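Numbers restart at 1 for each chain; the letters A, B, ... are given by sequence-line order, proteins then strands. What you see below is based on every heavy atom in this structure, not just the backbone, and it leaves out hydrogens, waters and symmetry mates. If you're wondering where the values come from, they're calculated on a predicted model, not measured in any experiment.
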There are 2 protein chains.
Amino acid sequence: MAESNTTRDRIVNAARELFYEHGFAGASLADILKKAEANSGSLYHFFKSKEELLIAVLELYKDMMQPVLLEPLWKDVTDPIERVWALLGGYRQFLIMTDYTYGCPIGNLALEVGNHLPSARQKIFENFENWRLAVRRCLEDAGARLPGDVDRDKLATFVLTTMEGGVMQARTAKSIEPFDSSVEMLKDYFARLMKAPDRA
Amino acid sequence: MAESNTTRDRIVNAARELFYEHGFAGASLADILKKAEANSGSLYHFFKSKEELLIAVLELYKDMMQPVLLEPLWKDVTDPIERVWALLGGYRQFLIMTDYTYGCPIGNLALEVGNHLPSARQKIFENFENWRLAVRRCLEDAGARLPGDVDRDKLATFVLTTMEGGVMQARTAKSIEPFDSSVEMLKDYFARLMKAPDRA
DNA sequence: GTCTATAACTTGATAGAC
DNA sequence: GTCTATCAAGTTATAGAC
């Protein structure tokens, strides 16, 4: 995992940070090696190309989601609907804390690599899937508080959509307003769903 | 504008296409010049750096929004709410038509350049603003069909959020499903707003 | 305003000793 | 598994003739 200190892990972690800050194309292997305090020979001992290093980074993100993202945010929140807002609140805090410099690392890579690197696209997809499944689980746990005819899966996708679209606009505006506006609309939608009579 | 054929315009247009396909860092000036059938001397006669060329591309996008994006999509649609769906439908068609290879060029650049190029960030912001204002205008034109206490500006932001988040996920999934799910939720939200009694 | 040539540097990747 | 040295190609940007 991330906390161990093998050469391989130092390289992957440095790559994760620099891909996050400068993008995949924008981060050079030289900079990554410098940050990792490692040498070119080590990098190419573990990975056969920069692309393979990216795959390792995306796998690390998958492994990090539960312990690094969800657990701290959900530690003191048991209500499943509140957990959805806590998750969005976490991104909100992070945006403000970093003065809108950093957004969602997966979203960044999603738009940068597009279809150019198929194996990376697949890993990005898996990251989105895990996020969506975590939210869907919350919505399922909400049980009858959401009407039976509300599609939990689609609604979870919509929560991810709101997060990614809101983060993108907040970073561009250097203001939390677009993010807050989007989340406010989403919350209002939830409120209307939850007070509506069950049509099922 | 884009249709003229001066050397400058050919360069800006080639840059627009290659930044779209490969990103700002991923598109080289050599490739841009080759596509534009122009030489390095011409490029640096008009622009003092690659970054300045990006600014020109972002200004072109601003100029293109009305005639190239909105006008064709809204030509046969007069109902203001339907115009919102026509706009989202245009992106939907484009995603499918390009097999999820291309998304929103502004969204791509928004996440790639972040805060690294402040003047570019400003232009990206202006592009988002124009898009949001066009949608807000639709919502305002809908008049009393939306309850008076619905914030048109925030709702327009939320439409843009839905578009960008949906496009991101559809490209990653190589499937229209996440986009359709998101738009379906947004439409349901609109339906609930529009049938709700005016609380104002 | 357009051309060619090229500077100055960085890129991803490799070779081979230890 | 880690090191140094290095390659070949590509990068942005410039110089100066026309």
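- Straight-line distance from the CG atom of A:Asn39 to the C1' atom of C:dG12: 16 Å, rounded to whole Å.
- Sorted by first and then second residue, the side-chain hydrogen bond (donor to acceptor under 3.5 Å, both in side chains) pairs involving residues 94-111 of chain A (not counting sequence neighbours) are A:Asn108-A:Arg171.
- When the C1' atom of C:dT2 is taken as reference, atom CZ of B:Arg10 falls 11 Å away, rounded to whole Å.
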Below 3.5 Å is the cut-off: list the nitrogen or oxygen pairs between protein and nucleotides 9-13 of chain D, distance only.
from: D:dT12; atom 1: OP1; to: B:Lys50; atom 2: NZ; distance (Å): 2.9
from: D:dT12; atom 1: OP2; to: B:Leu29; atom 2: N; distance (Å): 2.9
from: D:dA13; atom 1: OP2; to: B:Tyr44; atom 2: OH; distance (Å): 3.0
from: D:dA13; atom 1: OP2; to: B:Lys50; atom 2: N; distance (Å): 2.9
from: D:dA13; atom 1: O5'; to: B:Tyr44; atom 2: OH; distance (Å): 3.4

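- Heavy atoms from other residues, nucleotides or ligands lying under 6.0 Å from CZ of A:Arg137 number 12 at most.
- Listed by chain and number, the residues in a side-chain contact (heavy atoms from CB on, under 4.5 Å) with B:Lys187 are B:Trp85, B:Val183 (sequence neighbours excluded).
- Residues passing the side-chain hydrogen bond (donor to acceptor under 3.5 Å, both in side chains) test with A:Arg136 are A:Glu140, A:Asp153, sequence neighbours excluded.
- Here A:Ser181 pairs with A:Glu177, B:Lys154, B:Thr157 under the side-chain contact (heavy atoms from CB on, under 4.5 Å) rule; sequence neighbours left out.
- In this structure, B:Leu43 atom CG and C:dT4 atom P are separated by 15 Å, rounded to whole Å.
- Among residues two or more places apart in sequence or in another chain, the ring-ring contact (aromatic ring centres under 6.0 Å, His included) test is passed with B:Phe179 by none.
- For B:Gln66, the side-chain contact (heavy atoms from CB on, under 4.5 Å) partners are B:Leu70, B:Glu71, not counting sequence neighbours.
- For B:Ser28, the side-chain hydrogen bond (donor to acceptor under 3.5 Å, both in side chains) test picks out B:Asp31, with sequence neighbours left out.
- Between the CG atom of A:Leu33 and the P atom of D:dT2 there is a distance of 12 Å, rounded to whole Å.
- Close to D:dT2, at under 4.0 Å from its OP1 or OP2, lies no side-chain N or O of A:His45.
- For residues 114-124 of chain A, proximity to DNA chain D is found at no residue, defined as any non-hydrogen atom under 4.0 angstrom from a strand atom.
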